[in-house]
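What you are looking at is a predicted structure, and each value in this text was computed from that prediction instead of being measured.
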Amino acid sequence: MVGNTCISRSFSSGAMSESLQDSQEIDDLKTRIFRLRLPKRSVTNVLEKWVYEGNQITISELRQISKDLRMSQRHKHALEVSEWMVAHNEFELLDSDYAVRIVLMTKVFGIDAAERYFEGLPPAAKTSETYTALLHCYAAAKLTEKAEDLYEGIKNSKLSLSALTYNEMMTMYMSVGQVEKVPLVVEELKRQKVAPDIFTYNLWISSCAAMLKIDQVKWILDEMRSDPGFAEGWETYINLANLYINIGHLVNAEFNSLVETEKGITQSEWITYDFLIILHAGLGNKGRIDQIWKSLLMTKQKMTSRNYICIISSYIMLGQLKEVGEVVDQWKLSTTADFVVSACRRVWNAFRDIGLTEKAHDFHTLLIQKNCDSSNSLE
């Protein structure tokens, strides 16, 4: 029923139908909606007109349009699509439709509106997905107390949970600087026998690295290798994480302490950002890495050689030599972190040691082109 559900209105006039058919060849519902540039313009009117003209709308089409609108940060229009789905009983809604609506309500009308909507849902719609959606809203707004209360309620609800619910809490604790609480969430996840995903592992590793519990980080990386859910991209992540720890000389807190900046981003937070870059390298998300690095550069906060090693290693792993060269140039021009040829040598050796000789060679060649290689610095 879900896949085939549609709403249509037929016209008796053959000429009009033929004309509409011609127009559909150069026009579609998504195009019409995306022409609405201003939030105050009505998506509902576009949908009603589309149906009035005799066209069909499937729920799968509406879900995709809503997703595309959200990706474009057009949350009000996405919410209108959601409201239209709810208003037409011909559509059979999924738990994910209610969950998306909660997030959109928060973005358009605020947390209070999302809470009221959630409370008004029928019991059958209060599922792990909708609970997690509301938890996401609290976490994103850094409403720690509300998030913790809801989290306790979810745990007591006997609902079947996925790693996503726990990841939301871990993300919030990382964002508010309560990194010591992240391992406690992991303990609960394991106690409930919920399978962790790569995001779970990254948050766990990031929290331990930020606390300079490096032996724990290495133990977690070993656990990842033996995890039955080991997936494509995990090997890349593990290799980059190990490379980052070893080349960046991260050691346990009892042997070392990080120098904190007076204002802005602390070195512990830098480590968290570095592991976020490593995560997206493992997932192959070059565009996301570009965005994170650009944002970090715009902060004008003090970077260390470790940060440059992280981004360079990630781009090398993805085979993005153009970007590697750009970061090398940025590092050489940096006023806060001296360009260190020996650090590049360690990166080259690390890639060679894990068997990625071609990537090591490409990096060596690039350094020669950039006049960064002294006669025997890499050989």
Side-chain angles (χ1 to χ4, degrees), residues 94-96 99 127-133 135-136 139 147 151-152 154-175 179-246 250 252 271-272 274-286 288-289 310 313-314 316-319 350-351 353-356 359:
L94 302 176
D95 293 342
S96 58
T127 63
S128 61
E129 286 196 65
T130 51
Y131 269 109
T132 302
L135 182 65
H136 168 81
Y151 177 58
E152 289 302 317
I154 294 172
K155 288 195 297 182
N156 295 329
S157 68
K158 307 302 181 183
L159 290 170
S160 177
L161 302 178
S162 70
L164 179 59
T165 306
Y166 300 94
N167 292 349
E168 291 290 356
M169 288 301 292
M170 295 163 72
T171 301
M172 182 189 71
Y173 285 138
M174 293 294 292
S175 69
V179 294
E180 70 282 357
K181 291 186 177 181
V182 170
L184 301 178
V185 180
V186 177
E187 288 178 12
E188 177 64 21
L189 174 143
K190 292 191 171 188
R191 192 159 42 244
Q192 298 302 324
K193 295 181 170 51
V194 175
D197 58 21
I198 192 171
F199 300 98
T200 311
Y201 277 118
N202 182 66
L203 289 161
W204 189 14
I205 288 170
S206 298
S207 69
C208 291
M211 294 185 286
L212 289 179
K213 295 183 177 181
I214 307 307
D215 288 343
Q216 181 72 4
V217 170
K218 293 178 179 179
W219 183 88
I220 298 168
L221 290 170
D222 287 340
E223 180 182 308
M224 284 185 74
R225 287 188 187 278
S226 60
D227 191 309
F230 190 93
E232 184 180 355
W234 287 32
E235 185 71 27
T236 297
Y237 176 88
I238 293 168
N239 284 336
L240 281 172
N242 274 317
L243 185 150
Y244 172 77
I245 292 166
N246 294 329
L250 279 178
N252 287 306
I271 290 174
T272 302
D274 287 343
F275 273 101
L276 187 60
I277 289 172
I278 291 169
L279 168 67
H280 286 288
L283 295 172
N285 294 339
K286 176 187 175 294
R288 192 73 183 96
I289 294 173
C310 174
S313 302
S314 297
I316 292 173
M317 190 67 82
L318 295 181
F351 274 92
D353 291 345
I354 61 176
L356 299 176
K359 292 184 184 297

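Taking the side chain to side chain contact (heavy atoms under 4.5 Å, CB included) definition, one finds that A147 meets it with L135, Y138, M169, M172, sequence neighbours left out. Scanning for side chain to side chain donor-acceptor pair (under 3.5 Å) contacts around T200 gives N167, D197, with sequence neighbours left out. With sequence neighbours left out, L276 forms a side chain to side chain contact (heavy atoms under 4.5 Å, CB included) with L279, H280, I292. Residues passing the side chain to side chain donor-acceptor pair (under 3.5 Å) test with S313, sequence neighbours excluded: none. Residues passing the ring-ring contact (aromatic ring centres under 6.0 Å, His included) test with Y151, sequence neighbours excluded: none. Remark: E152 pairs with K155 by the salt bridge (charged side-chain N to carboxylate O under 4.0 Å, His left out) rule, at least two apart or across chains. Scored by the side chain to side chain donor-acceptor pair (under 3.5 Å) test, D353 finds no partners at all (sequence neighbours excluded). By the side chain to side chain contact (heavy atoms under 4.5 Å, CB included) test, S162 pairs with L164, sequence neighbours left out. With sequence neighbours excluded, the residues satisfying side chain to side chain donor-acceptor pair (under 3.5 Å) with K181 are E148, Q178. Residues passing the side chain to side chain contact (heavy atoms under 4.5 Å, CB included) test with N242 are L221, R225, I238, N246, sequence neighbours excluded.
How far OH of Y131 is from CG of D95: 12.5 Å, rounded to the nearest 0.5 Å. Between the OG1 atom of T165 and the CD atom of E129 there is a distance of 9.5 Å, given to the nearest 0.5 Å. Atom CD in E180 sits 9.5 Å away from atom OG in S207 (nearest 0.5 Å). Rounding to the nearest 0.5 Å places CD1 of I198 at 11.0 Å from CG of L203. To the nearest 0.5 Å, the span separating CE on M317 from CG on L356 amounts to 5.5 Å. A distance of 7.5 Å separates SG in C310 from CG in L240, rounded to the nearest 0.5 Å.
Residue S314 comes nearest to I277 through the heavy atom pair OG-CG2, 3.5 Å, listed as atom of the first residue, atom of the second, then distance. The minimum heavy-atom distance linking A209 with I214 is given by the pair CA-CD1, 4.3 Å. Residues A281 and T236 share a closest heavy-atom pair of O-CG2, 4.0 Å. Closest non-hydrogen pair, L159 versus S128, comes out as CD1-N, 3.7 Å.
Annotation: salt bridge (charged side-chain N to carboxylate O under 4.0 Å, His left out) contacts involving residues 186-196, sequence neighbours excluded, comprise E188-R191, K190-E223. Screening residues 212-240 for ring-ring contact (aromatic ring centres under 6.0 Å, His included) gives Y201-W234, F230-W234 as the qualifying pairs, with residues at least two apart or on separate chains.
At least one side-chain heavy atom of L243 sits less than 4.5 Å from a side-chain heavy atom of F351. For the pair L189 and P196, the minimum side-chain heavy-atom distance is below 4.5 Å. At least one side-chain heavy atom of I245 sits under 4.5 Å from a side-chain heavy atom of K218.
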(request) Start with the C-alpha gap between S206 and T272, add the side-chain angles, then the distance that decides, and say whether side-chain hydrogen bond (donor to acceptor under 3.5 Å, both in side chains) holds. (result) CA-CA 5 Å; S206 298; T272 302; 5.5 Å; no
(request) Kindly determine whether H136 and T132 satisfy side chain to side chain contact (heavy atoms under 4.5 Å, CB included), including the steps that lead there. (result) CA-CA 6 Å; H136 168 81; T132 302; 5.6 Å; no
(message) Between L318 and I289, does the side chain to side chain contact (heavy atoms under 4.5 Å, CB included) criterion hold? Intermediate values first, please.
(response) CA-CA 11 Å; L318 295 181; I289 294 173; 3.6 Å; yes
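Applying the side chain to side chain contact (heavy atoms under 4.5 Å, CB included) test between I205 and each of V217, I271, I278 identifies V217 as the sole match.
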